[in-house]
There are 2 protein chains.
Amino acid sequence: MAVKRSSPGSRKPRRTGVSPKSGQEPAGEASLSLERIVANAVDLLDTQGIDGLTMRRLADRLGAGAMSLYWHVDSKEAVFDLALDSVLAYREPAQTGKAQHWRADVIHMLEDWRACMLRHPWSASLLPRRALGPNILGRLERLARTLSRAGVADADLNAGIWSLWNYVMGATVTRGSFDRSDDDRAAAQQRLRDLSQHYPTIERSRLLLDDDWDGAFRRGLDFLLDGIAPRRSKAQPR
Amino acid sequence: MAVKRSSPGSRKPRRTGVSPKSGQEPAGEASLSLERIVANAVDLLDTQGIDGLTMRRLADRLGAGAMSLYWHVDSKEAVFDLALDSVLAYREPAQTGKAQHWRADVIHMLEDWRACMLRHPWSASLLPRRALGPNILGRLERLARTLSRAGVADADLNAGIWSLWNYVMGATVTRGSFDRSDDDRAAAQQRLRDLSQHYPTIERSRLLLDDDWDGAFRRGLDFLLDGIAPRRSKAQPR
DNA sequence: CATTCACTCGTACGCCGTACGATAGAGTCT
DNA sequence: AGACTCTATCGTACGGCGTACGAGTGAATG
């Protein structure tokens with residue numbers, strides 16, 4: 001699944017040089033393009049949820065027939081891949097000249113990552129079964145570079161990257177499991193309160209009710225970065 | 001989605017006391033029951049993957065009509081919930097009398113958690129959108145209890161639990177994104193090698209090719225536990 | 001015997017992803 | 001000009017899905 005042979009259905013549409021009449025599309029009736037498809041898919045996912053994206057609906061929105069999409073895209077799976085990656089693009093922080101501390105850099109990127117995914121809740125549930133897109137890899141690369149420059153030993157690098165990565169992933173995915181919609185937020189809270197009763201320690205700490213997600217995220221990140229930070233006497237891993 | 005009103009379709013079947021003829025079912029033709037449904041669903045998921053589970057197939061396997069399932073189960077979603085939770089049961093370690101160190105205890109539970117999910121790869125991709133079942137909550141409770149007894153301050157407890165939790169979640173989910181099947185494992189490796197070329201730091205560290213997942217998991221866990229461990233002078237969170 | 005339950009299942013509806021092949025227009029070559 | 005190719009669109013149809021609905025069955029109960 002993760003690896004696709006470049007299938008016959010998808011030669012790239014090269015824009016034939018000649019744009020339509022004027023320099024800009026007026027409105028709704030532009031021609032199909034990968035960009036428009038992906039943008040509308042994201043929109044659909046945002047508003048209708050993960051089951052709301054169907055090829056027919058997507059095509060309708062674009063004023064096209066369902067099968068027209070398949071000239072630009074191999075399958076619905078591909079639409080998911082593209083939508084996911086498109087939502088995870090990272091704009092570097094404004095780089096105001098002053099060199100950032102590596103730690104701030106890492107935190108910024110990871111908090112932004114988390115924010116991106118929370119802005120599009122479907123992305124968290126998609127991630128586990130999708131391939132790595134360029135934006136995802138770009139973030140990994142950046143993370144690796146930052147840590148490496150900060151002096152993290154090569155031998156520790158991969159473990160460090162994956163630790164941070166996993167943490168962010170898990171935090172986002174977990175967060176997404178709670179209070180998905182606002183409709184039943186109250187009901188969910190009640191349910192969690194009921195559930196808690198059978199789990200005394202959890203209840204006492206209000207684990208399921210505490211909703212300072214952002215703070216918890218940041219604190220865990222600090223735990224990890226403390227562990228990863230270079231030039232500590234790391235002899236006994238136990 | 002996460003919260004269901006207990007819908008009308010699912011009164012619990014109470015076994016009417018009188019078992020069939022003998023004490024044990026002979027073979028294939030037992031009657032439907034929640035246990036059999038869930039067990040077969042897990043089997044189907046294990047062998048056919050997440051798309052391989054359909055209500056019709058599941059019913060066939062059980063020698064029943066598709067709609068018969070719906071007397072025991074509200075919907076296909078419920079089957080997913082049940083299958084997921086059933087796979088995540090935790091058997092406490094043999095408790096050989098000697099008191100375990102809390103750290104060993106936590107590590108055991110979390111490594112077991114990860115192992116469970118890797119044994120059933122579909123579980124990782126299901127987790128993000130499913131409700132909390134009793135086995136999942138049981139593990140959280142145990143984690144909370146262990147940390148609390150180990151002396152983690154109440155104020156740090158939730159952050160600690162969620163950190164560990166998120167980490168395990170993310171590690172499992174990420175792991176699942178790679179080399180899903182053995183069919184295309186070679187192809188996947190090649191693809192990753194190609195990809196790496198555009199991401200120099202990643203390539204240098206062989207991030208995507210390194211396959212010591214278990215080791216990386218353990219090392220990250222140690223990072224975190226170092227950060228969480230009680231009685232450290234934790235004044236400056238920065 | 002009548003009624004109620006616990007349980008099973010056949011049929012049917014509306015939706016899905018997409019294989020296939022028929023277009024239509026624009027560009028290119030002779 | 002005519003023939004041909006390439007890009008792009010789309011209508012139809014197929015097989016499969018989840019599940020609403022309601023009819024059926026056999027045992028327990030009154």
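Sequence lines set the chain letters: A, B, ... in the order given, protein chains first and strands last, and positions in each chain run from 1. Quantities reported herein were computed from a predicted structural model and do not represent experimental measurements.
For the pair B:Leu69 CG and D:dC21 P, the interatomic distance rounds to 18 Å; values are reported in whole Å. The CH2 atom of B:Trp71 sits 18 Å away from the P atom of D:dG26 (whole-angstrom rounding). Distance CD (A:Gln48) to C1' (C:dC15): 15 Å, rounded to an integer number of Å. Across the protein-nucleic acid pair, A:Phe80 atom CZ and C:dC16 atom P stand 12 Å apart, rounded to whole Å. Atom pair A:Leu34:CG and D:dT7:C1' shows a separation of 15 Å (rounding to whole Å applied). Taking atom CD1 on B:Ile37 and atom P on D:dG18, their separation rounds to 14 Å, with Å as the unit. In this structure, the CZ atom of A:Arg36 is 14 Å from the P atom of D:dA8, given to the nearest Å. Distance B:Asp60 CG to D:dC17 P: 10 Å, rounded to the nearest Å.
With hydrogens and angles ignored, a donor-acceptor pair under 3.5 angstrom links the side chain of B:Arg56 to the base of D:dG18.
Residue B:Lys76 has its side chain nearest to D:dT19 when only C:dC9, D:dT19, C:dC16 are considered. Closest contact between the side chain of B:Met67 and the listed nucleotides D:dT19, C:dT8, D:dT12 involves D:dT19. The side chain of B:Leu32 has C:dT8 as its nearest neighbour among C:dG17, C:dT8, D:dA8. Of the candidate nucleotides D:dT9, C:dT18, D:dT19, C:dT18 has the atom nearest to the side chain of A:Tyr70.
Taking the six-membered ring where tryptophan is involved, the planes of A:Trp213 and B:Trp162 are tilted, since the angle between them lies from 30° to 60°. Below 30°, between 30° and 60°, or above 60°: for B:His108 and B:Tyr90 the angle between ring planes is between 30° and 60°, a tilted geometry.
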(message) Show, in sequence, the C-alpha distance, side-chain angles and deciding distance for A:Leu127 and A:Met117, and conclude whether the side chain to side chain contact (heavy atoms under 4.5 Å, CB included) test is met.
(response) CA-CA 10 Å; A:Leu127 209 91; A:Met117 299 198 61; 4.1 Å; yes
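With respect to the salt-bridge test (charged N to carboxylate O, under 4.0 angstrom), the residues A:Arg119 and A:Asp46 do not qualify.
Contact annotation: B:Ser68 side-chain N/O to C:dC9 OP1/OP2 distance is under 4.0 Å. Remark: B:His72 is in phosphate contact with C:dT8, judged by side-chain N or O atoms under 4.0 Å from OP1 or OP2.
Using a 4.0 Å heavy-atom cutoff across all strands shown, B:Ala64 reaches sugar-phosphate atoms only and no base atom.
Residue-to-nucleotide proximity on DNA chain D shows that, of A:Ala66 and B:Met55, the 5′-proximal contact is made by A:Ala66.
The shortest distance between side-chain heavy atoms of A:Arg139 and A:Asp112 falls below 4.5 Å.
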